[in-house]
Protein chains: 2
Amino acid sequence: MNKRQAQKQFTREKIIAAAKQIFIEKGIINTATSQIAEAAGIAHGTLFLHFPNKDSLVVELLDAELSKFSNNIKQLIVETADVNILLSQYLDIIQAEEGFFSSLARELPNYKDELRRKILFRESLIREHFHQVIEKGIEQNIYAQVDIPSALTFLFGTINYYLSLKTSFVQQGSVIEKFKPSIIKTMKDLLLPVQ
Amino acid sequence: MNKRQAQKQFTREKIIAAAKQIFIEKGIINTATSQIAEAAGIAHGTLFLHFPNKDSLVVELLDAELSKFSNNIKQLIVETADVNILLSQYLDIIQAEEGFFSSLARELPNYKDELRRKILFRESLIREHFHQVIEKGIEQNIYAQVDIPSALTFLFGTINYYLSLKTSFVQQGSVIEKFKPSIIKTMKDLLLPVQ
DNA sequence: CCAATTAATGAGTATGCACTCACCGAGCAA
DNA sequence: TTGCTCGGTGAGTGCATACTCATTAATTGG
């Protein structure tokens with residue numbers, strides 16, 4: 001890679017980093033492209049050499065975040081046998097990525113149709129992971145009592161609702177929760193399709 | 001009231017009715033004042049004879065809705081002794097007013113500070129009613145298992161979270177839920193102050 | 001070393017929006 | 001009837017913002 005290409009890549013990364021931070025702080029709708037450019041230390045016009053429009057910057061950022069996120073989860077699922085530990089660590093990972101995702105989820109209903117559709121399609125990726133975690137839980141027939149981080153209530157509204165449909169019982173002094181059998185089918189149906 | 005005054009009042013009501021409907025359909029942020037005027041069948045400029053700006057139209061509409069809502073709840077609390085019935089009917093009333101409130105709640109994080117502050121201040125009205133319902137529940141020491149309508153998850157995010165911290169037990173064949181005692185104080189603290 | 005390439009610049013354009021104001025005409029008081 | 005009042009009108013203004021493009025300057029290949 002020659003000097004020009006390296007410089008171009010560097011600029012692109014500055015834009016993405018700046019965009020992510022400002023989007024988390026102020027939301028996407030309330031962030032002007034000129035502000036992103038300023039924060040990245042480049043001219044306003046430069047931003048549009050790297051991204052054809054604001055929406056594509058959002059989508060690209062989302063894809064990058066999802067890719068990191070997805071790799072972490074995949075590894076976790078392969079490595080962790082115990083569902084209690086798996087679910088707990090799974091939620092830790094979600095929480096770590098919380099900022100940008102929840103900023104997206106918060107504003108999602110206000111986006112134009114086109115952008116909203118793109119984001120919702122990608123949300124199904126997250127559902128798929130969650131489904132794998134549930135699969136393991138069903139095999140082992142037990143779930144630990146875990147709070148879905150409240151910031152994810154919106155993104156995972158449906159999941160959260162179904163998580164509340166648990167039966168609970170006490171085992172060795174601590175409360176253990178188990179999904180009602182009738183719920184499991186519905187939950188899987190809900191998590192998988194969409195696209 | 002002479003013909004002129006009557007006409008003015010009529011126009012004002014047309015604006016409010018049109019605004020409410022469009023806000024519910026498309027959200028407040030994505031509705032232009034010119035669209036409200038068009039839906040109300042008046043000139044764009046006329047809207048600003050009745051309301052100094054868009055925000056004040058939103059706030060006025062919110063106050064009107066809250067006032068209706070609040071009167072209904074007050075009456076319900078006075079008339080209904082049984083908490084199970086009270087809570088259930090309380091949620092029915094909320095659900096009936098759901099459209100405009102949830103459109104507000106959905107967009108709230110994206111509003112400018114000034115408008116957001118005004119709306120949050122008014123949300124405390126709703127909290128106060130909810131607190132009275134909880135008070136009655138604490139006296140009677142029992143809550144029916146009730147789903148907070150999912151559309152209200154956002155507006156009542158905190159409340160919803162605390163509602164999940166219940167102990168449950170089976171009585172006469174049906175599940176009865178009771179708040180954990182340690183939660184009740186926290187919940188009361190959370191619901192009352194804010195302003 | 002020179003000409004071609006290309007990343008970067010930032011003033012400029014197009015658009016959409018909240019809000020204004022000079023003007024109009026129906027209703028009212030005399 | 002007459003002149004005034006005032007609600008209504010809609011083209012116009014100012015502003016914010018996404019996006020463009022003629023120009024500049026650094027880098028490259030020959």
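Order of the sequence lines fixes the chain letters, A, B, ..., with proteins taken first and strands second; residue numbering starts at 1 for each chain. The basis for the numbers below is simple: all heavy atoms, side chains too, and nothing from hydrogens, waters or symmetry mates.
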>> So B:Tyr111 and B:Val58, do their side chains get closer than 4.5 Å, heavy atoms only?
In response: no
> At what angle, to 10 degrees, do the two end axes of the helix from C:dC1-D:dG30 to C:dA30-D:dT1 meet, given five pairs define each axis?
Replying inline: 10°
> With respect to the phosphate group of D:dT20, does any side-chain polar atom (N or O) of A:His44 fall under 4.0 Å of OP1 or OP2?
Replying inline: no
> Which nucleotide in the set C:dT20, C:dA8, D:dT28 lies at the smallest distance from any side-chain heavy atom of B:Phe48?
Replying inline: C:dT20
>> If you apply the rule side-chain hydrogen bond (donor to acceptor under 3.5 Å, both in side chains), what do you find for B:Gln5 with B:Gln9, and how did you get there?
In response: CA-CA 6 Å; B:Gln5 289 170 315; B:Gln9 173 113 2; over 6 Å; no
>> By nearest heavy atom, map B:Asp55 and A:His50 onto DNA chain C; which one lands nearer the 5' end?
In response: A:His50
>> Using the salt bridge (Lys or Arg N to Asp or Glu O under 4.0 Å) definition, which of the options A:Arg117, A:Arg116, A:Lys112 pairs with A:Glu114?
In response: A:Arg117
> Where the side chain of B:Ala43 is defined as all heavy atoms beyond and including C-beta, which of D:dC19, D:dT9, C:dC28 is the nearest nucleotide?
Replying inline: D:dT9
> If you pin A:Thr46 and A:Thr33 to their nearest nucleotides in DNA chain D, which one's is more 5'?
Replying inline: A:Thr33
> What's the CZ-P distance between A:Arg12 and C:dA8, to the nearest Å?
Replying inline: 11 Å
> CD of A:Gln5 versus C1' of D:dT27: gap in Å, rounded?
Replying inline: 11 Å
> Where the side chain of B:Lys3 is defined as all heavy atoms beyond and including C-beta, which of D:dT17, D:dC19, C:dC28 is the nearest nucleotide?
Replying inline: C:dC28
> Given atom CD of B:Gln7 and atom P of D:dT9, what is their separation to the nearest angstrom?
Replying inline: 9 Å
> Sequence neighbours excluded, which residues qualify as side chain to side chain contact (heavy atoms under 4.5 Å, CB included) partners of B:Glu79?
Replying inline: B:Gln75
>> Is the shortest side-chain heavy-atom distance between A:Leu49 and A:Thr11 below 4.5 Å?
In response: no
>> If you only use heavy atoms from C-beta on, which nucleotide in D:dC19, D:dG8, C:dC28 is closest to the side chain of B:Thr11?
In response: D:dG8
> For the side chain of B:Arg4, counting heavy atoms from C-beta on, which of C:dC19, D:dT5, C:dC28 is nearest?
Replying inline: D:dT5
>> Quick check: on DNA chain D, is the nucleotide nearest B:Gly45 upstream (toward 5') of the one nearest B:Lys112, or the reverse? Name the residue that is more 5'.
In response: B:Gly45
> Between C:dA18, C:dT9, C:dC28, which one does the side chain of B:Asn2 approach most closely?
Replying inline: C:dC28
> Whole Å only: how far is the NZ atom of B:Lys8 from the P atom of D:dT9?
Replying inline: 14 Å
> Taking atom C1' of D:dC19 as reference, at what distance in whole Å does atom CG of A:Asn53 sit?
Replying inline: 9 Å
> Do B:Lys20 and B:Ile24 have side-chain heavy atoms sitting under 4.5 Å apart?
Replying inline: yes
>> Between P on D:dT17 and CD1 on A:Ile36, what's the gap in Å once rounded to a whole number?
In response: 12 Å
> What integer distance in Å separates A:Lys54:NZ from D:dT20:C1'?
Replying inline: 18 Å
>> For the CD atom on B:Glu25, are there more than 12 heavy atoms of other groups (residues, nucleotides or ligands in this structure) within a distance under 6.0 Å?
In response: yes
> Once you round it to whole Å, what is the distance between P of D:dT5 and CG of B:Leu49?
Replying inline: 18 Å
> So what does A:Leu47 touch, heavy atoms closer than 4.0 Å: a base, only the sugar-phosphate, or nothing?
Replying inline: nothing
> ring pair (Phe, Tyr, Trp, His ring centres under 6.0 Å) with B:His44: which residues, sequence neighbours excluded?
Replying inline: B:Phe48
